[in-house]
Each structure stands twice: as C-alpha cells, then as structure tokens.
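Since we're looking at a predicted model, the values are computed, not measured. Only heavy atoms go into these numbers, but all of them, side chains included; no hydrogens, no water, no symmetry mates. In what follows, chains are A, B, ... by sequence order, proteins preceding strands, each numbered from 1.
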Number of protein chains: 2
Amino acid sequence: MSSGRPTLADVAARAGVSLKTASRALNGEYGVAAETARRVLEASRELGFRPNHLARSLASGRQSAAVGLVVSSVSDHFMAAITGTVEGILAPRDLQLVTASHGDDPDRQRRLVRTLVERRVDALLLVPAPGDATYLQPEIEHGLVVVAVDRPLEGVEVDTVTVDNREGARTAVARLIAAGHRRIAMLGWDRRVWTVAERHAGYLTAFDEAGLPVDPDLVLLDYALADDPEAALEALLSGPDPATAVMSAQHSAARSALRVAQRLGRDVDIAVFDEIHDADLLVRPPLVVVSGAERLGAAATTLLLERLDGAAGPSRRVVLAPEYVDAGAADAHARFQAVEPTPLRPFGGSTKAADRPAEVTS
Amino acid sequence: MSSGRPTLADVAARAGVSLKTASRALNGEYGVAAETARRVLEASRELGFRPNHLARSLASGRQSAAVGLVVSSVSDHFMAAITGTVEGILAPRDLQLVTASHGDDPDRQRRLVRTLVERRVDALLLVPAPGDATYLQPEIEHGLVVVAVDRPLEGVEVDTVTVDNREGARTAVARLIAAGHRRIAMLGWDRRVWTVAERHAGYLTAFDEAGLPVDPDLVLLDYALADDPEAALEALLSGPDPATAVMSAQHSAARSALRVAQRLGRDVDIAVFDEIHDADLLVRPPLVVVSGAERLGAAATTLLLERLDGAAGPSRRVVLAPEYVDAGAADAHARFQAVEPTPLRPFGGSTKAADRPAEVTS
DNA sequence: CTGAAAGCGCTTACAG
DNA sequence: CTGAAAGCGCTTACAG
C-alpha cells in the first residue's frame, strides 16, 4: 500500500479549501491569505502529510532530482571513496543518490542502467563495467545525462574523467627500478578492466625506457579470476629468480602480495594504485601510492552538474594527473589528507595539488 | 525535461492498438494475440520505450521497490561493509538502494528521512544518528518499515540489530589485561554515539572484574571532536605513566593511535572494534578485533525483508554475539574472510560462526 | 486571493 | 482477445 498516507486532497478537505489552494500554501507560493495558509499548514501537520515526490515530478514534468551511481562494488574502498565525494557534492544540491553495483559484469550493468532509467534518474554516474555500452546511446538521446568515471565507456561518447593511468604506472615502476629492482611483478585484478590494461601498458613503458627486459611470467593480470590467487602470487615471489617488487594495479592485489611476502619472510617493495586507507600503517608501507579516487569523484560530479544545469556541447574527457605518495615518508599521512579531498575545477585548469596540469580534450 | 521520452501512448499509437492492449503486451499479461503482442513489442523497441516506474507505482498503488539506507558516512569502511551486505541481499530482490549520510547530525538525519519518505521508499535502514527520533513514529504508522542497525533508535520502537557491544569491549579489554596491561586507554570517536558509550561501559566492567582501578585520564571518548586529536593521543601515550595499550571503539581512532605510537617509537597493544580492512597487515596487528559489520547488515536486511513481506507483530531486537579475531594470528585473514560475509538467520538461532548464540528479545 | 478543469504516464476494474 | 473510462497524487495553465 501507499498505505493510509494522507494526500493533498485530504489536507485541502480538512482545511476547507481547494486542492490548488492547499498546494499553493504548502509550496509557499504567492497569493494565499495568511489565515488560509495557516489553516492548510495546520491540517498538513495534523495529518502527517508528506507530498508524494513521485506524483509531483510526474505532474510537473520536472526532474526527479535523483542521480544513479553505478560502480563495481559499493563496499570496495576505492569505490566508497568515490561515492563519498559524489554524495558530498550532490547532497547540498538536494540530489538523491541511488547506488548499485555491477561487479564488473556487463549484463548486470545493462540491467541496472535499465532499472535506473525506468526510475527516471536525471543522470547516471558510471564506473563502467567492461564491454560494449552502445545501449546507452538512445537513453542519452532521450535526455539522460551520463558521465563515466575512472574508466571510459565503450561505444558511446560521454563526459569522462580518468586518471592518467599509463603515466602513473610508468612513474611508479620507474621508481621501483630506480630503487634497484629488476624483477618487478605486475598485478591486476581483472584484465578486462580498462585501468588494468592501461597500468600494464605504463609498466611496459617504464621497462622499455630503462632498457630492461620484461619477464612475462611476472605479469599476472587476472588476479581476481585465478583459482588460487595467493598460490599464484607465492609462485611469483619465491623460486630461484623471484620478483623483488610488485606493481599492483589495485589495492586488493597489493594487499595479497604484502600478505604472501610476509608469510614467505620476503622483503618486497610495493607500488600500488588507490591504496586508500592509511597506507602508512601497513607492515611495509608501499614505496609509491598512486591516487585519485576523490579527485575522480569530484571532477565527474562537477561535469555531471554542469550537464544537469543545461551545459550542451560535445562530450568532454578530463584526464587527471596522477598523485604520488611515498607511504613510508614521514609526512605520508598528512599528504594523503591534503591531497585527496580536493574538489577541483575540471576545466581549463590544473588540479590544484597535482604535479602537472590535468589534460582536457573535447 | 522528462524529455522526448516516448510514452505508452506513443507505443500504442505506433502499434495501432489501445493503451490497455499495449500495456498488457509489454507486461506479458494474458489475453493478447501473438501478432498483436509482436507489433507492440516492436513499436516499443523502435521508440526506445522505457516504462515510467514512477507513474506505474503511482497508478498501481504498489510499493516503490526502493529502500533507503541512511548511515553516518557512505565512505566509512564500516558503513561501506554494511552497505555492501545490504545491497547484496536487496539487489536479487529487485529492490533499489537509495543511500545518504547524516554525519551523525540529528537534524540532517531528520531531513534525510523526510526526503526519503517523500520519495516513498518502502523501507528505511538506519544507522541512527544520536538524538531523539520520535518524528519517525507517524511515518511508521503510515506504513513505513524502519529498521535500526548498529545502534538503537531513540523514541520509537523498531526492529533493531546491534552487536553486544558491552560484552565485546569487556572481553577485548580483559584480553589486554590478561596480556599484562594495566594502563589501557579508551578511545571513542564521538561520545554521543551509542556504541561508544556501550563500549566504554564494557571497558569499565572489565577493569571492575579484574579488580583494577580505572584512570579517567586515559579515557578519551570525543576523539573526533578534539581540537588536535593526535596531540591528545600523544599525551596519553607518553609522559611519566603512559598507556601501554589502547581499546578503541572505532577503527579510525585505533589507526591514529597506531600512527602516534609509531611516531613515538612506543610499543602499544591495540584492541579495536570493526577494523575492517586487512587488520593482519598493519604495522602492529591489533591484539583483538571485534567485528560485526557484515552480520549486522545481513541480519537487519533480513528483518526488513520480512516486514516488507508482511510480517506483523511487535518490534524485535537482535543482539549479535561479538566475533573476536586476533589479527596477529597466522590464520587471521582467513578467519576474517570466513566470518564476515555470513548472512545469518536472525531469529531463534545462533549466528553460525559466533562464539555464542544471538539474543533475541521482542 | 481562490478554484474547477485538464493532464503527467501509467494501471485497475468493467465492458464488450 | 480488445478497449473506453476512471483514477493514482500532484501540478499547470486558465478563469474568476
């Protein structure tokens, strides 16, 4: 039931006025006698009236003031960081957040999009699952605002915010190499995921630039899909010629690597993307953390709001400069604090705390 | 705009049938000629028709199939863990999650509740902000299902799932005492939060049972509100008679304590509630982690679904037995994995992996 | 300052 | 198997 809830008609009847007058009074519109308004408000309070927002947006044809946020997993810390930033910006604007996870499953993403469209969210913020998403095209033509975060969306042109993943990985690996490492394992959560491929590319570039050979046996891009992931890691970190360092495209695989190294009593340097939570407190703080979650969320939300505010024009791509933090450094925690929640202007400008300006392409 | 979106009427017109026939065909109801149905579906596809879920629930008077989840902070790891479990259970039931954070601000919670009610969510899952919430009573009487998680809701009787916080803290502190500690600091994020008070009570009990005196100077229950929290911590952990161990009611304060101890070069044992993320990988793994997030989420969602399925009767209180993990133990990570995602039967039964059965009071 | 009519996009009875 | 009418809870023009 929409059960027993009083309607505007009930309020009007109780106040002895017409529907329209009741509506006017409750919405604080002009042209209601003070005494009439008082009676209406009183009736509303007595009945516990709550305007039906669904009916209202149906009748007015206005926006639903809801934004869908679709991510891999709502409980993942990287995604949670994005979610937090997004919510922090949307809430003051009275935009409700509807959240859902696709688990990197393209079909689930498709079904979620469908559901959210049927619920008439005004906009969709997507950390896209892998795979084709041309099915979004008609929705966009029908007025849905879509923004991709962290990964591009295949098959449609939409505003997109990513980090310069190649550059981030290249730099991180270069630092491992500079620290003397030659056998550097490359870990990815799921090779179908765009960021994994990009970060892998950066890894290869760093080796190339250093004139060093890459051992493909040290590359494990499907960590999440392995039968026994930690066994696979153990193989990389032991044996006659083991990896001495790890470049991980995701925090989760890096955590596993730390654990395995710990178990084996091996001394392993780690470089990792998006290690969100107090990296400085880990048994062995990563040599480099490349970060971006909060800035991604902030930039994407800004683009989204601009579209909701009516900005037209071709889709935009914002590429954020990676941030690097040495988690072992004395000021690591402070730097994390300072860097991450920076809501930035996504256009025409540099990311305030970044090493180099953001690139913007239209 | 609800912009350009084709309506059922458009589909019907294109297929050359009445509204009702189009509706029937699209909903797969009985009594439509195969050929007619085909024409309707084709028209729908060509137009990119998406039924307006808002209009549908308005017309049908059915549930909106949306659940509001209101927590302190969507990006907090404890809350994210709850959110993940909740979503995992709701999604297969086609219930959409609408999320929002109150930041432990009672007024914000009230406004959020109001917004969500106006959006006609069928149910509200609340990690309550401190303070009176009797304003929920009329909503409940009008049919809103409300379930409180992690903390009770003041001023209304609703289904509630909590952990036995006193017992958890008592046991954790007892273990610190058993390990030889006498000067044990007690940290809480915000004393207005119910769990902080409960855990503090458990702390006091443990000292009492051990016949040991409590030093009130070691109790810091407003960590989040302190001007310079880490300075306050530093005071506790240094000086002539410093704390040698810390009982923290929240993961965040425990993390700070670790950091400060690290900085001071002090050797400090930690017991902590809800240290979610790989506690075994911390510089100094906590001696005891008391956990419950996923079980809280699962139990609360189960209660909520039962109510949505029509279960009547007085409100129920589920108190989950705390889980204890020694994060330094060899199998700590495995135990975390095994313990946390256990969706449990909240009634008449024990929590599978728990040390003792859950208590249920009606 | 106030109200009666029509309509938002759909569904629920009720007829044929 | 198909359709015309009425209504969900609100708002938007349009009158008075």
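Distance Asn52(A) CG to dG9(C) P: 16 Å, rounded to the nearest Å. Here dT2(C) presents its P atom at 15 Å from CG of Leu8(A), a figure rounded to the nearest Å. Nucleotide dT2(C) holds its P atom 13 Å from the CD atom of Glu29(A), rounded to whole Å. Summarising the geometry, the separation between CZ on Arg50(A) and P on dG9(D) is reported as 16 Å, rounded to the nearest angstrom. Whole-Å rounding puts the Asp10(A) CG to dC10(D) C1' distance at 13 Å. Atom CG of Leu26(A) is separated from atom P of dG9(D) by 16 Å (rounded to the nearest Å). Between Arg119(B) atom CZ and dC10(D) atom P there is a gap of 15 Å when expressed in whole angstrom units. Regarding Leu54(B), its CG atom lies at a distance of 15 Å from the C1' atom of dT11(D), rounded to whole Å.
Under the rule for a salt bridge (charged side-chain N to carboxylate O under 4.0 Å, His left out), Arg119(B) has no partner lying at least two apart in sequence or in another chain. Arg24(A) meets the salt bridge (charged side-chain N to carboxylate O under 4.0 Å, His left out) test with no other residue; sequence neighbours excluded. The side chain to side chain donor-acceptor pair (under 3.5 Å) test applied to Thr21(B) returns Ser18(B), not counting sequence neighbours. Listed by chain and number, the residues in a side chain to side chain donor-acceptor pair (under 3.5 Å) with Thr301(A) amount to none (sequence neighbours excluded). Judged as a salt bridge (charged side-chain N to carboxylate O under 4.0 Å, His left out), and not counting sequence neighbours, the contacts of Asp309(B) are Arg93(B). Residues satisfying the side chain to side chain donor-acceptor pair (under 3.5 Å) criterion with Gln137(A), sequence neighbours excluded, are Glu141(A). Legend: residues meeting salt bridge (charged side-chain N to carboxylate O under 4.0 Å, His left out) with Arg45(B), ordered by chain and number and at least two apart, are absent.
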What protein N or O atoms touch nucleotides 5-8 of chain D N or O atoms at under 3.5 angstrom, if any, and at what distances?
unit_1, atom_1, unit_2, atom_2, d
dC8(D), O2, Ala59(B), N, 3.2

Distances for protein N/O vs nucleotides 14-16 of chain D N/O pairs under 3.5 angstrom?
none

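DNA chain D lies under 4.0 Å from no heavy atom of any residue of residues 35-46 of chain A.
Inter-residue side-chain proximity for Val17(A) and Val40(A) is flagged as met; some heavy-atom pair is nearer than 4.5 Å. Counting only heavy atoms from C-beta outward, the side chains of Leu8(A) and Ser23(A) approach each other to under 4.5 Å.
Judged by distance alone, the side chains of Ser101(B) and Glu87(A) do bring a donor and an acceptor atom under 3.5 Å apart. With hydrogens and angles left out, the side-chain atoms of Ser57(A) and Ser64(A) include no donor and acceptor closer than 3.5 Å.
For the OP1/OP2 pair of dG3(C) and a distance below 4.0 Å, the side-chain nitrogens and oxygens of Ser18(A) include at least one atom meeting the criterion. In terms of phosphate contacts, Thr21(A) brings a side-chain nitrogen or oxygen within less than 4.0 Å of OP1 or OP2 of dG3(C).
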**OP:** Assess whether salt bridge (charged side-chain N to carboxylate O under 4.0 Å, His left out) is satisfied between Glu157(B) and Arg316(B), documenting all intermediate values.
**Re:** CA-CA 9 Å; Glu157(B) 287 285 319; Arg316(B) 304 162 291 181; over 6 Å; no
Original post:
If pairs are Watson-Crick or G-U with both distances under 3.5 Å, what is the dot-bracket string of DNA chain C, marking crossing pairs with [ ] and pairs to another strand with |?
Top reply: |||.||||||||.|||
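Remark: Arg39(B) does not engage Glu42(B) in a salt bridge, criterion side-chain N to carboxylate O under 4.0 Å.
If you check dT11(D), dC10(C), dC10(D) against the side chain of Arg62(A), the one that comes closest is dT11(D).
Residue pairs meeting the salt bridge (charged side-chain N to carboxylate O under 4.0 Å, His left out) criterion with at least one partner in residues 95-117 of chain B, sequence neighbours excluded, are Asp104(B)-Arg151(B), Arg114(B)-Glu118(B).
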